[in-house]
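Heavy-atom basis, side chains included; hydrogens, waters and symmetry copies ignored. Note on naming: letters A, B, ... go to the chains in the order of the sequence lines (proteins, then strands), and numbering restarts at 1 for each one.
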Amino acid sequence: MLERPSALAAVLRQAGRSGSDGSRALRLGEVRGWNLVQVAAFTSTAAELERVVSAALGVASLPTIGKTGEAGARRIFRTGPEQFWVTAPSADNLATRLQEVVPATMGAVTSLSHSRTRIFIEGEPAREVLARSIPLDFHPAAFAIGQFALTGIHHTPVLIHRAAEQRYEIYAMRTFALSVWEWLTDAALPFGYQIEGSA
Amino acid sequence: MLRLVMLRPAHRPAGLPRLSNRYSVFSLARHALSPDKPWPRAWRSPEPKSSYDVIIVGGGGHGLATAYYLAANHGITNVAVIERSYIGSGNVGRNTTIIRSNYMLGGNTAFFEHSLKLWEGLSHTLNFNAMVSHRGQVVLAHSPSQLDVQSRRGNIMRLNGIDAELLDRGEVMKTLPYLDYSPEARFPIWGALLQRRAGTVRHDAVAWGYARAASNLGVDIIENCEVTGFVVQDGRVSGVETSRGRILAEKTGIAVAGHSSHVAAMAGLRIPIESHVLQAFVSEPIKPLVHHVVSFGAELFYLSQSDKGGLVFGGHIDGFNTYTQRGQFPKVQSVAECAVSLIPCVSRLRLLRHWGGIMDMTPDGSPFIGRTPLRNFYFNGGWCYQGFKATPASGWCFAHTIAHDEEHEFNRDFRLDRFEAGREMDEHGSGNWTYKQ
Amino acid sequence: MSAAPYRLDQGGRIDRGTTLSFQLDGKTISGLKGDTLASAMFASGLTLVGRSFKYHRPRGLLSAGVEEPNALLTLGDGGRREPNIPATTTELVDGIVAHRQNGWPSVEFDVMAVNSLAAPLFSAGFYYKTFMGPARKSWMFYEPFIRRAAGLGQAGYERDPDRYDTRHEFCDVLVVGSGPAGLAAAITAGRSGARVVLVEQDIELGGSLLSEAVDSDAEAWRKARLSELEGLANIKIYRRTTAQGLYDGSTVTLIERRDHHRPDPAKGEARQIVTTLRPKAIVFATGGTERPLVFGNNDRPGVMLASAVRTYLNRYAIAPGKRAVVVTDNDSAYRTGFDLAGKGIAVTIADLRGETNEAIGTACSQAGIEILRGMAVAEVVGNRGVNEVELAPLSTGSSQRRPCDVLCISGGWSPAVHLTSHTGIKPVYRADIAAFVPGGFAPSHFAAGAITGEFSTNGAIRDGLAAGRKAASASGHEAPGDDIPSLAIAGESSAIEPVWQAAQKSKGKAFVDFQNDVSLHDLAVAHQEGYQSVEHLKRYTTLGMGTDQGKTSNINALAIMAGLREVDIPSAGTTTFRPPYSPMAMGAIAGRSIGHHFRPVRRSPMHDWHIAHGGVLTEAGPWMRAWWYRWAGDSVAKAYIEEMRLVRQGVGIADVSSLGKIDVQGPDAAEFLNRIYVNGFAKLPVGKARYGVMLNDDGLVLDDGTTTRLSETRYFMTTTTAQSGEVMSWLEFLLQSVWPDLKVHVSSLTDEWAAMAVSGPKAREALQLAFPGTDLSDAKLPYMGVLEIEAGGVPVRFIRLSFSGELAYEVYTPADHGVALWEKILADAAPLGIKPYGLESLAALRIEKGHVAGLELDHRNSLDDLGLGKMAAKEKPYIGRALRQRPAMQAPDRWSLIGIECLELGKKLRGGSILFAAADKIEGHGRGYITSVTWSIELDKYIALGLFQGGLKHVGEEIICAFPLKDEQVRARIVSPHFVDPKGERLHA
Amino acid sequence: MLKITCPCCGERDYTEFRYGSDASKPRPPLASDDRKAWHDYVFLFDNPKGPHREFWQHVLGCRQWLVLERNTATNIVGASRPAREIAGK
Ligand SMILES: Cc1cc2nc3c(=O)[nH]c(=O)nc-3n(C[C@H](O)[C@H](O)[C@H](O)COP(=O)(O)OP(=O)(O)OC[C@H]3O[C@@H](n4cnc5c(N)ncnc54)[C@H](O)[C@@H]3O)c2cc1C
Ligand SMILES: NC(=O)c1ccc[n+]([C@@H]2O[C@H](COP(=O)([O-])OP(=O)(O)OC[C@H]3O[C@@H](n4cnc5c(N)ncnc54)[C@H](O)[C@@H]3O)[C@@H](O)[C@H]2O)c1
Ligand SMILES: Cc1cc2nc3c(=O)[nH]c(=O)nc-3n(C[C@H](O)[C@H](O)[C@H](O)COP(=O)(O)O)c2cc1C
Ligand SMILES: [Zn+2]
């Protein structure tokens, strides 16, 4: 498998910047080495598709919108009434697997692995940085760990997922990824940030 | 077409008030010397008569101008303008006051140039200083192809005897040194189209000036009187129902801008208009800073400085139909973003007030002035972003159309049924907006 | 004389330990921590704070808060210069540089003061009545003078070096205002466990309590509340933060000022932060503003609002002088009298009312305060300050003179109903308190305290408690029953008999709006002339249109106008309240979305490569695209020609990743495409591509592009860069709300695939070198054919189609592999001299080929206009078919696509030229225009595409291309738009 | 801030959506060549001052088209449904 240069290659080489008090309270970087497959049913085949897909992924049922589902190393997001995103490690030949179980008459399977850049932001001020970027309530009670939302940052569509207490993962469009990165790091400036993982 | 403009006594000082209440530095002096001598009313406030030759619904710029030109140009003085609130309470009283005639479509150029010519003499014509300021408008281009599009417009203007100049980046820098020319700028400035005769007008004075001049010619201006219906018999309109009773009229014209659909529906008409809110913004008053009307090319945004000193900003409609005269905050933000990105020094100036007006948006962005499927019933509306600059010509043409029961060649193409024929007038090539909010 | 002659040596909320200093008009002035600029100036005896707008009259402090109309300063210099900042709301920090405004050469000696001699000329609306002659455009002569005279402070042209930010926040209960009502509400709501936000524009919490003596019960009460607040973790307190506007959907905008921190932009610190707050419930506890009285020379420095004098006395420990006169029409001002007397200042209270409440009377005599009943101000003696006041009886009796240094006035109170009115709820008048109160509330909005007309502290507390409880439960929380201690303040009373104009007998101009110099006389003139509606009054006299938005003048003015009209106050009504509550910096509203961050940038996967390899980029909508490359020349003009030559004669590679790409899947995909494209797609075989055009419902062209059939049920659609978003939404609209029965799913692949065009006679060779193992022969991959392979584990898709007219392939690979593939092709095909070419030559080549693009697809043109009419299927229905048939759109003389070749050597064609027939007079609108132009290396002349009346019917005819903006006319000829290879042999090579 | 409840994602700012105009107009069948019907559908609006039924698309979200009830005289929003539920009706 060819190595896959990142849309953020240039900036990921940088170290980060210290905030107004000299510290670096945030960590930012990109999650690499994963694939993204979209599987969508037609209005009339929704139930059927959910059955075969959950079977294929080995889960009892597919999550409702907003909540993520876990199936081993795979993570499932419902991104529409009958549309799902499934992420998995690059090694996992998920797309082929899903194409096998979802015939063209039942739904559409589309590989989007290269479409999205997965940016993580971690640390105590992460919530404030998001408050300066997204019109959603990130209060721990309102946006629990494991929850996700389809929304926008700086006019571009993103999927944001709360991966841990203070860690958020942002799936940004690849062609806008650098812009989203620049926006987030600019918002993070007063708090200071360390860039992790170089490409 | 242009020759016609010349022939027409556009700024004939018709309706000059009787000497006693004629405005001049002398009348000011007279009143200064004898402070107890009261000023006369600017316009009479009569009770509505039971019938008129012509009723104009809507005491905005267009309605009042129509009444004035009916009297001044066509000798029809038994006219009432019926306004539900105070005159000028609508968009004429809340717009960003830009006037220009940089139009390139056949149906538009002569009309808007006629309007600009009427503006040039308006204060004289009305004996009311509307502060018509030909400070020039600079429309910026941010790419070579945008400059080509501007060129086409400018060339058409020149070919129709309208002033226009193409500025390259260097000339723009000389004219507007305060724009952001730094590499930081998201959208670089390539050049601009300048119309020197374009500018601004003291908006409220337009309503008051027309009202006063019309009133002096015998027009009744009836405020706080809402039209609630029309008297319609076998396809002919013969009057209006109002909050103050029925008033009959030979001919009825409506010029209610944002309320066009609503009012037309009272006569059973369905029209190609959706009402949207457009916001406007004014900063605190400061000493002269911006000396032109400046229009951004990357997004719909424009600003100028009022004579009172406030920077007046305008942008895009909020983007959904509404009859509330207030906007949403995200649009306030995007306008501020445009302002500061284009003119970094306004960052520290403070927004004083922002408000909204109800815009009569049409699918192709062009207006309607003309007859309707109902006899003796005339429609004026669909002005979108551009009705203020159109005010004099709109009133002038609407008056002609009503007086002769026939469109003037200036407003020939502003037909209500043009979409049936496939005669869209998409001046800006933005396409049918109903697909693309 | 001491630095602060007016400062008492005890009391106040200032920190006497910390002296701060600032510059005013070059002079260094010192104050104390806790001062505002206003109190520091006042303490140091600087009572002349500015000159008035129109008449340049000397002006002093009227108030101690946001309502201040007079004390406007210009702060800072260079990029930090900021005009019109009220001294009364500016927290004193070290090193502030301030200038007073509107005086020349200085505020002390202002030559423009001559204006006041000509004052009678400048009555309301004078400028509408003159400056009209002699010529038609005379205003152009007068305007510069008027403009210079108008405006307040002077702004600068420098870039603001400071940084601002914007944010979003959510909460259960918002409490606006931290007076007794707000504190009680916040604490009550806080006790319920709700997420509470408390905002206060002042630097300290307490509202009017801050004007109480520091050793009072009120202060003890305030301290106790603060400590309870601190204890509640679920309450977020914003000081120095103003709630600026209430918007639809119960949204409130806040602006937080951090100037006192001296924020450092280099460290990313924001100077001000604007928050869009979305509370579930709101308690408005915004208090009220005291009104001045309207009488002659009521604008003299030293004439101040009674409550403001109390604030300066108790909060800032400033004694305004030795002798004071208080004039009032209500009880509230008496407390100012008491507190002044308490500091040993001689006080006379002139009460406009005939009789007054007994208790207060006795209290006064005990305090040694003289009360004159039924008296009004006849004359204010003094110019730069007050020396003496003449008081005249309103009915009978003799007038009296009282020497004094300060004249405290109170015309009653106006509740701060701004926010509650922003969404269109008009305030209503209450005669019993002579004030407007909120006219109602949206669901889950409540109010407490003075804003409701409850003017007693204890009442405000009770109110706050109740409102806090209601707000909590409206947000789904229950507040416990616990009480909040009450607070009775001695002498508090607010009975009023309004006297809207106390000027009958007084000398001098009586001001209603101090900032805009609107006087009683102006109101009379407006009334005479019929500008009687409050909205006309406002617009004609500019009353209430200043930076203070008439906080002290509007109510007086409309009441006076009601009087002149002989109607009651409710039927006169108020003007419309609009955001912001107080002016806010444009920069703060914009936040970080400026300059580079104004709008996002969209980048191709090969973006960095282009920059690293001499590519010059240009904006194309949101995209940055490679425009031209330095290998081909040092300017776009030279380079694009070389790049064209490269493609026409050898082979080049261009980045076309910005093309819209859409995955269309499902059993009904063929049917779907067949409906949206004007041409047939049902029979497109697998492995083949087809060019298609889509119309809007209105029959005009929406977009064009090629769509490839990858399998029975799967298609790969491309759109133009500009329209990709539109087309995607349009397809989704059709599938979801028009044909939900169709089994089709669309998703955007624009980001998934990198795309490059390999074009030129040597294109096949080039790709063959890069993919030796793959058969790319014409047989295997014919024109409009598609081939999908795996190369080194990476999918690569070849679609043989051409924008340039040469043998060409679009090569696709997943985005992350874009650079690798791009570099591989360049490296492997290097022997053929392959090089990259950019947007400019891409466009030039397509012009030579006669392909329409953005400049022709401008939403005005029909299929036929673009010469594509024959593409439309006859039998099958498709979107736009019906309205495409509208008569004018079928007219034979419509402007349609033509090719144009330049007939004059050494002259160039220009985009935007207007076209005329050779015999035409060069005027009017012509018969068409030029859309796109290029130099043709094939024909060695300038060629162009354009639209022309009647179109290709006129092939061969000579035309004139007029470009009057440059005084140019160029002779040209109408030709077929297909300048090169009309038969398409190269395509099929 | 106008807040719209996306049937899929829940309540969001209107800035995440794209307005699609009047949703109560009957769309002529594709095969119809009735120009009048198409003209009325494309170009005419009731544009009422009061209750309005309109299309919005959640473009910064699930990309679903929905139909929203909103009062144009007050901006007060009501119920919303997936567009496909009213398709053709
Ligand atoms: C924020 C904003 C900025 C703008 N900027 C510009 C600009 O820079 N340049 C430009 O050229 N144009 C601009 N426009 C457009 C321009 O203001 C309008 O197109 C134009 O004013 C409309 O014509 P009018 O003056 O007659 O409308 P209005 O002033 O709105 O007059 C219509 C009148 O009809 C009355 N009415 C409504 N219903 C009834 C009824 N039932 N009975 C009786 N009376 C009724 C209303 O009360 C109103 O007074 C702007 C508009 C807005 C809102
Ligand atoms: N006639 C009278 O005697 C009279 C009249 C009015 C007020 N009062 C006194 O005022 C008090 C009333 O208490 P209250 O709590 O209702 O009012 P208050 O004046 O004590 O408190 C209001 C607070 O709200 C703040 N505020 C106003 N608008 C704001 C905004 N947009 N953003 C942020 N902060 C804002 C003000 O800065 C102030 O601190 C009582 O103590 C009463 O004695 C008396
Ligand atoms: C060109 C122009 C300049 C304005 N300048 C000011 C101003 O300096 N001060 C002010 O308070 N309002 C100003 N306004 C706004 C008006 O006060 C008012 O908000 C607007 O006319 C809409 O009316 P409404 O707010 O009563 O609905 C201006 C309006 C316009 C159109
Ligand atoms: Zn959604």
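- Using a 4.5 Å cut-off between heavy atoms, C:N861 does not touch chain B at all.
- Ion pair C:K921/C:E923 flagged as a salt bridge, since at least one NZ, NE, NH1 or NH2 atom sits closer than 4.0 Å to an Asp/Glu carboxylate oxygen.
- Here B:P288 is the residue among B:P288, B:S145, B:P177 with the most heavy-atom pairs under 4.5 Å with chain C.
- The part of B:D204 that comes within reach of chain C is its side chain, from C-beta onward, which places non-hydrogen atoms under 4.5 angstrom from that chain.
- A salt bridge links B:R348 and C:D162; the closest N-O separation between the charged side-chain nitrogens and carboxylate oxygens is under 4.0 Å.
- Ranked by non-hydrogen atom pairs under 4.5 Å with chain C, the options B:H428, B:H291, B:R423 are led by B:H291.
- Salt bridge annotation for B:R350-C:E82: absent, with no cationic side-chain nitrogen under 4.0 angstrom from a carboxylate oxygen.
- Of all the listed residues (B:R418, B:M157, B:R153, B:Q325), the one sharing the greatest number of non-hydrogen pairs under 4.5 Å with chain C is B:Q325.
- Proximity to chain B involves both the backbone and the side chain of C:S593, based on heavy atoms less than 4.5 angstrom apart.
- Taking the six-membered ring where tryptophan is involved, the planes of B:W208 and C:Y540 are perpendicular, since the angle between them exceeds 60° and thus also 30°.
- With chain C as the partner, the residue from B:F313, B:F26, B:W119, B:F281 showing the most heavy-atom pairs under 4.5 Å is B:F313.
- Proximity to chain B (any heavy atom under 4.5 Å) is shown, for C:A843, by neither the backbone nor the side chain.
- The choice from B:E299, B:R41, B:R186, B:M104 that makes the most heavy-atom pairs within less than 4.5 Å of chain C is B:R186.
- The side chain to side chain donor-acceptor pair (under 3.5 Å) test applied to C:Q272 returns no partner, not counting sequence neighbours.
- Proximity to chain B (any heavy atom under 4.5 Å) is shown, for C:L152, by both the backbone and the side chain.
- Heavy atoms closer than 4.5 Å to chain B are found in the side chain of C:R271, but not in its backbone.
- B:S334 touches chain C through backbone and side chain together, each having a heavy atom under 4.5 Å away.
- Ranking C:I146, C:T423, C:I922 against chain B, the residue ahead of the rest is C:T423, based on heavy-atom pairs under 4.5 Å.
- Interface remark: C:Y128 contributes backbone and side-chain atoms alike to the contact with chain B (heavy atom separation under 4.5 Å).
- Using a 4.5 Å cut-off between heavy atoms, B:E427 touches chain C through its backbone atoms (N, CA, C, O) alone.
- Of the atoms belonging to B:A164, heavy atoms from both backbone and side chain fall under 4.5 Å from chain C.
- The choice from C:L883, C:T576, C:V933 that makes the most heavy-atom pairs within less than 4.5 Å of chain B is C:T576.
- Taking the six-membered ring where tryptophan is involved, the planes of C:Y247 and B:H354 are essentially parallel, since the angle between them stays under 30° and well short of 60°.
- Taking a 6.0 Å sphere around CD of C:E158, one finds it holds 12 or fewer heavy atoms contributed by other residues, nucleotides or ligands.
- For a residue to count as touching a neighbouring chain, one of its non-hydrogen atoms must lie under 4.5 Å from one of that chain's; by this rule B:S123 touches chain C with backbone and side chain alike.
- Using bins of under 30°, 30° to 60° and over 60° for the plane-to-plane angle, the ring pair C:Y142/C:W139 lands in the tilted bin.
- Chain C forms more heavy-atom pairs under 4.5 Å with one residue of B:L166, B:T324, B:V149 than with any other, namely B:L166.
- For the 3.5 Å distance criterion, the side chains of C:Q549 and B:R353 qualify, holding a donor opposite an acceptor.
- Heavy atoms closer than 4.5 Å to chain C are found in the backbone of B:E165, but not in its side chain.
- Counting heavy-atom pairs closer than 4.5 Å to chain B, the top residue among C:L855, C:T253, C:D858 is C:T253.
- For the residue pair B:N127 and B:R212, a side-chain donor N or O sits within less than 3.5 Å of a side-chain acceptor on the partner.
- Using a 4.0 Å cut-off between a side-chain N of Lys or Arg and a carboxylate O of Asp or Glu, B:R135 and B:D307 qualify as a salt bridge.
- For chain C, the nearby part of B:V132 is the backbone; its heavy atoms alone come within less than 4.5 Å.
- The contact between C:H422 and chain B is made entirely by backbone atoms, counting heavy-atom distances below 4.5 Å.
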